[in-house]
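Atom set for the values below is all heavy atoms of this structure, side chains included, hydrogens, waters and symmetry mates excluded. Quick caveat: nothing in here was measured; it's all calculated off a predicted structure. Protein chains get the first letters and strands the later ones, always in sequence-line order, with residue 1 at the start of each.
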Amino acid sequence: MAKVGPHNSRVPLEIGRLMTDERSRAVILQLLVLLGVLLFFAFIVSNTIANLQRVGLASGFGFLSDAAFFDINQRLIEYTSQSSFGRALIVGLLNTILVSALGIIAATLLGFIGGVLRLSDNWIVSRLVTAWVEFTRNVPLLLQIIFWWAILTSLPKVRDSISIGGVAFLNNRGLRTPAPLFETGMEWVVAALFVAIVASVVLVRWARKRQEKTGKTFPSALATFCLIIGTPLIVYFLAGQPVNWDLPVRTRFNFRGGFNITPELIALWFALSTYTAAFISEIVRSGIQSVSRGQTEAASALGLSKNQTMRLVIIPQALRVIIPPLTSQFLNLTKNSSLAIAIGYQDLVSIGGTILNQSGQALEVVGIWMAVYLSLSLATSAFMNWYNKRIALVER
Amino acid sequence: MTQPFFRQKDEMLSERPPPASTVGIIGWLRSNLFSNWINTSLTLLSLYILWMAVPSLIEWAFIKAQLSGDDRFACSEDGACWAWLDQRIGQFLYGLYPAKETWRINIAFVLLFPALAPWLIDNIPGKKWLRWYSIFYPFIAAWLLVGGWFGIIEGVTTNNLGGFALNLTVGLAGIVLSLPIGIMLALGRQSRLPLIRWFSVIFIETVRGVPLITLLFVSNILLPIFLPPDVALDAVIRVIIMVSAFASAYMAEVIRGGLQAIPKGQYEAASAMGLGYWQSMRLIILPQALKISIPGIVNTFIGLFKDTTLVIVIGLFDILGIANAMVSNPDWLGLSSETYVFVSLFFFAVCFSMSRYSMRLERKLDTDKR
C-alpha cells in the first residue's frame with residue numbers, strides 16, 4: 001500500500017549500487033529475513049530432535065488410540081475411562097463448543113439489551129448499566145470465573161438443596177433440572193416446527209414482494225411469531241403431549257433422575273457471557289450512536305413511527321458498524337473458554353493438559369490445540385464475513 | 001360604541017414562567033425517569049435493585065465487618081471478614097518476596113512515576129531528561145527486583161516475585177515491548193515486500209487465533225524442548241516473552257487500522273518531499289496513525305494487564321494465585337467473596353484509570369473536529 005521512494009526501474013543494476021537500488025535492496029532484505037527465519041527454525045528443529053532423542057520420546061499421533069484411564073464427568077457423548085485419548089479430546093472439544101455456543105447466545109442477548117439501556121433517556125437506568133459495564137470490563141475474566149465458581153461451590157450441600165419451585169434444585173454439586181423424555185409423536189412436533197419455519201420464510205418473501213408492488217404492508221413479524229410458536233404447540237397437543245419430564249427426586253444422599261448441570265459449566269458460562277456482554281454492549285452503543293442524527297430526523301420527516309425508524313433506518317445502518325467487532329468478541333469468547341482449566345471444567349485445553357501429563361506428547365497436544373482453535377477462529381470469521389458482506393452497504 | 005374586546009398594548013408582555021411540571025426537579029424527573037410507562041417501570045425496577053443491593057452491601061462490607069482476628073473463627077457470619085488483611089496484605093502485594101527486601105519493590109514502584117510522567121503529562125518541566133530516564137528505568141527496576149548483579153543488594157530469585165508486584169512487572173514489561181513490536185508487525189503487514197508481509201500475516205493470525213493459555217503452555221512445556229538442554233530461561237522472562245508476543249499481534253491489528261485510515265495523499269506527499277520509507281513513516285505516517293489508534297492501543301494495554309492473571313495456570317503466584325491459596329487455607333477457608341472482591345478492586349483501579357485517561361487523550365487529540 002505504501003508506495004514510498006522512486007521507482008527507477010530503467011536504471012541498469014551495478015554491483016556497487018546493490019544497496020542503493022530499490023529493487024535489489026528489496027530482494028537482499030527479503031533474502032536476509034528468510035535466512036534468519038530458516039536459521040531460527042533449523043535451530044528449534046535440531047534442538048527438538050536432539051531433546052526428544054535424549055528423553056526417548058517417540059513423536060507422532062499414534063498415542064491418540066491408547067486408552068485414556070481418566071474420567072470425564074462433563075460429557076456430551078459416550079465416554080468411559082477405557083476410551084482412547086482421541087475420544088477424550090473430542091469430548092473436550094464438544095465441551096468447548098457447548099460452553100462457547102451457550103455463552104455467545106447469552107452474551108449477545110445481554111449485550112444488546114445493555115447497549116440499548118445505556119442509551120436510554122432514563123438517567124438512573126443508563127447510570128446503573130454503565131456502572132455494571134465498567135466494573136465487568138475492568139476486572140480480569142479469570143478472576144470472575146473463579147469468583148462465580150467459588151460462590152456456586154459454597155452453596156448448601158445436597159441435603160439442604162435450594163428448591164426452585166420444587167422441580168429444580170441448586171446445591172454445591174450444581175443445578176439439577178428436570179430432563180425431557182421424548183416419546184413417539186415427538187417427531188411430528190419437530191416436523192411441524194420445520195414446516196412452520198419454511199412457511200414463514202415463504203410468507204416473509206411474499207409479504208415483501210407484495211409491499212414492493214402494491215405498498216400494502218403485512219404484519220409479518222407477528223405472523224411469523226405465531227406460525228413458529230403456534231404450529232408446533234398445536235401439533236404437540238394433537239399428538240397427545242409426547243414429552244414427559246423426568247423430575248429429580250430427592251433420595252437419601254443425592255438426587256435420582258433429572259439432569260445435572262455442573263457448577264463448573266454454570267460458572268464458566270455465566271462469567272463468559274456477562275464479561276463478553278459488557279464489551280458487546282459498548283459495541284452496540286457506539287454502533288447506534290454512529291448513525292447520524294439526520295437519519296432519525298429524515299425518517300420522522302418521512303412519517304415513520306419511532307418503532308419503524310429504529311427497525312428500518314437505525315438498526316440496519318448500526319449493524320454494519322456492529323458486526324465486525326462483534327465477530328471478534330465471539331472469537332474472544334471461544335478462546336477465553338479455555339480459562340476453564342482454572343476451575344476444572346473439562347474443555348479441550350483442560351483435557352489436553354491431562355493427556356499431556358499422562359503421555360508426555362507435548363508437541364502433538366499443543367499442535368492439536370492450535371489447529372483446533374485456529375480452525376474455529378477461521379470458521380467463525382468466514383461465516384461472519386459472509387454475513388457482513390450480505391448486509392454491507394450497496395454503493396452505487 | 002362598545003368597548004372593543006381587545007386592547008392594544010405598546011410594550012411587550014413579560015414572559016410567563018414555564019409550567020411547573022416541565023422545569024426544576026419535577027420536570028427533570030418527568031422527562032428523565034417517568035416519561036412513559038416503560039421508563040417508569042424501568043426506574044422503579046432500578047430503584048428496587050439499588051434498595052435491595054446497596055444498603056445490604058454497605059452493611060456487609062463495612063458496618064458488620066470484622067477487622068481483626070487471627071483466623072476465620074474470629075469473624076461473625078453476617079458481616080465481611082477483613083481480619084486476614086493484616087496478616088496477608090504483604091503476600092497480596094509482594095508474593096513470597098523476602099519481607100526484609102520488599103523496600104526494593106516499593107522503591108521501584110515509586111521510581112515508576114517519574115518514568116511514566118513524560119509520556120502521560122504534556123507540560124512537565126525537564127521532559128527531555130525524564131524521557132532519557134524512562135528509557136533506563138526498566139533496567140533500574142529489573143536490578144532492584146532481581147538484584148545480585150553488582151553485589152550491592154542481594155539476589156532474589158524471580159520465583160519469589162509474586163502478588164500484585166508480579167502483575168505490574170509482567171504487565172508493564174508487556175506494554176513496553178508490545179508497542180514497538182506491534183508497530184513493526186503492522187508496518188510489515190503493509191509492506192510491499194511479499195516475504196516480509198507473509199511472515200507478518202502468519203505471525204499475527206496464528207497468535208490471534210489461539211488462546212493465550214496455549215501460548216503460556218508452549219512457554220512452559222515446549223520451550224525446554226525447543227532450546228538446548230543447558231539453556232534455561234527464567235519463568236517470569238518466559239511469561240513476559242509470551243505475553244508481549246500475544247499482545248503485539250493484537251497491537252499490530254489496531255495500528256494497521258490506524259495506518260489504513262491515513263489517506264493515500266499523505267504517503268504520496270511524503271515521498272514527493274523526498275523522504276525515504278523510514279523517514280516518511282517516522283515523521284508523517286506513524287504520528288497520525290498512532291493518534292487515531294490510541295483508544296485501541298489503550299484497550300490492548302488493558303487487556304494485556306488483565307491477562308497477567310493467567311500466569312497462575314503455569315504455577316506462578318500473582319495476586320490471584322495468592323488469593324486462591326488463601327481461600328483454600330484452613331485458617332481462612334470460605335472467605336472467597338471478601339478475597340476476590342478485594343483483588344478485583346486492584347484491577348479495577350488500574351484498568352479503569354487507564355480507560356479514563358485514554359478517553360481524555362482522545363478528546364484532547366481530536367483536533368480536526370473542533
Q | side chain to side chain contact (heavy atoms under 4.5 Å, CB included) evaluation trace for B/T214 with A/S338 | A | CA-CA 9 Å; B/T214 57; A/S338 61; 5.9 Å; no
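- Within the 4.5 angstrom heavy-atom criterion, no atom of A/F40 approaches chain B.
- A/K335 places no side-chain N or O within 3.5 Å of a backbone atom of B/I213 that could act as its donor or acceptor partner.
- At a threshold of 4.5 Å between non-hydrogen side-chain atoms, the residues B/F217 and A/I341 count as touching.
- The candidate with the highest count of non-hydrogen atom pairs below 4.5 Å against chain A, out of B/V313, B/T308, B/L310, is B/L310.
- Between A/Y373 and B/P211 there is a side-chain heavy-atom pair separated by less than 4.5 Å.
- Proximity to chain B is limited to the side chain of A/V37, based on heavy atoms less than 4.5 angstrom apart.
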Q. Can you check side chain to side chain contact (heavy atoms under 4.5 Å, CB included) on A/V366 and B/L222, steps first, answer last?
A. CA-CA 9 Å; A/V366 172; B/L222 292 192; 3.7 Å; yes
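- Atoms CG and CG, from A/L31 and B/L195 in turn, are 7.5 Å apart once rounded to the nearest 0.5 Å.
- Within a 6.0 Å sphere centred on CD1 of B/I25, heavy atoms belonging to other residues, nucleotides or ligands number 12 at most.
- Once rounded to the nearest 0.5 Å, the distance linking CD of A/Q30 with OG of B/S191 reads 7.0 Å.
- When each of A/N336, A/L339, A/V33, A/L52 is scored by its heavy-atom pairs under 4.5 Å with chain B, the top score falls to A/L339.
- Enclosure of atom CZ in A/R54 by more than 12 non-hydrogen atoms of other residues, nucleotides or ligands within 6.0 angstrom is indicated.
- With a 4.5 Å cut-off on non-hydrogen atoms, A/L378 does not touch chain B at all.
- Neither the backbone nor the side chain of B/D307 has a heavy atom closer than 4.5 Å to any heavy atom of chain A.
- No side-chain heavy atom of A/R25 sits less than 4.5 Å from a side-chain heavy atom of B/L193.
- Residues A/L374 and B/V210 are in side-chain contact: their nearest non-hydrogen atoms beyond the backbone lie under 4.5 Å apart.
- For A/I151 against B/S337, the heavy-atom pair with the smallest separation is CD1-OG, 3.7 Å.
- Ranked by heavy-atom pairs shorter than 4.5 Å toward chain B, the options A/L363, A/T153, A/V372, A/L331 are led by A/L363.
- Listed options B/P228, B/S355, B/S344, B/S336 were ranked by heavy-atom pairs under 4.5 angstrom with chain A; first place goes to B/P228.
- Residue B/W198 holds its CH2 atom at 10.5 Å from CG of A/L34, rounded to the nearest 0.5 Å.
- Residues of residues 132-142 of chain A lying within less than 4.5 angstrom of chain B, judged on heavy atoms, are A/E134, A/F135, A/R137, A/N138, A/V139, A/P140, A/L142 in numerical order.
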Q: Check the pair A/I146, B/L320 against side chain to side chain contact (heavy atoms under 4.5 Å, CB included), reporting the backbone distance first and the verdict last.
A: CA-CA 9 Å; A/I146 295 179; B/L320 186 55; 4.1 Å; yes
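- Looking at heavy atoms from C-beta onward, B/L42 lies in side-chain contact with A/L117 at the 4.5 angstrom threshold.
- Of the two parts of B/E205, only the backbone, made up of N, CA, C and O, holds a non-hydrogen atom closer than 4.5 Å to a non-hydrogen atom of chain A.
- Heavy-atom pairs under 4.5 Å with chain A were tallied for B/W28, B/F348, B/F346; the largest tally goes to B/F348.
- Considering OH of B/Y340 and CH2 of A/W148, their distance stands at 13.5 Å, rounded to 0.5 Å.
- Within a 6.0 Å sphere centred on CZ of A/F147, other residues, nucleotides and ligands contribute more than 12 heavy atoms.
- A heavy-atom distance below 4.5 Å is not found between the side chains of B/I221 and A/V365.
- The contact between B/P194 and chain A is made by backbone and side chain atoms together, counting heavy-atom distances below 4.5 Å.
- Heavy atoms of B/F199 lying under 4.5 Å from chain A belong exclusively to its side chain.
- To the nearest 0.5 Å, atoms OG (A/S328) and CZ (B/R208) are separated by 7.5 Å.
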Q. What do the steps show when you test B/V218 against A/M370 for side chain to side chain contact (heavy atoms under 4.5 Å, CB included), and what is the final call?
A. CA-CA 10 Å; B/V218 167; A/M370 298 221 162; 3.8 Å; yes
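- Scanning residues 118-128 of chain A against chain B with a 4.5 Å heavy-atom cutoff picks out A/S120, A/D121, A/N122, A/W123, A/I124, A/V125, A/L128, ordered by number.
- How far CG of A/N47 is from CZ of B/F226: 10.0 Å, rounded to the nearest 0.5 Å.
- Neither the backbone nor the side chain of A/A50 comes within less than 4.5 Å of any heavy atom in chain B.
- Counting heavy-atom pairs closer than 4.5 Å to chain A, the top-ranked of the candidates B/T43, B/L45, B/I196 is B/T43.
- In this structure, chain A has a heavy atom under 4.5 Å from the side chain of B/R356, while its backbone stays farther away.
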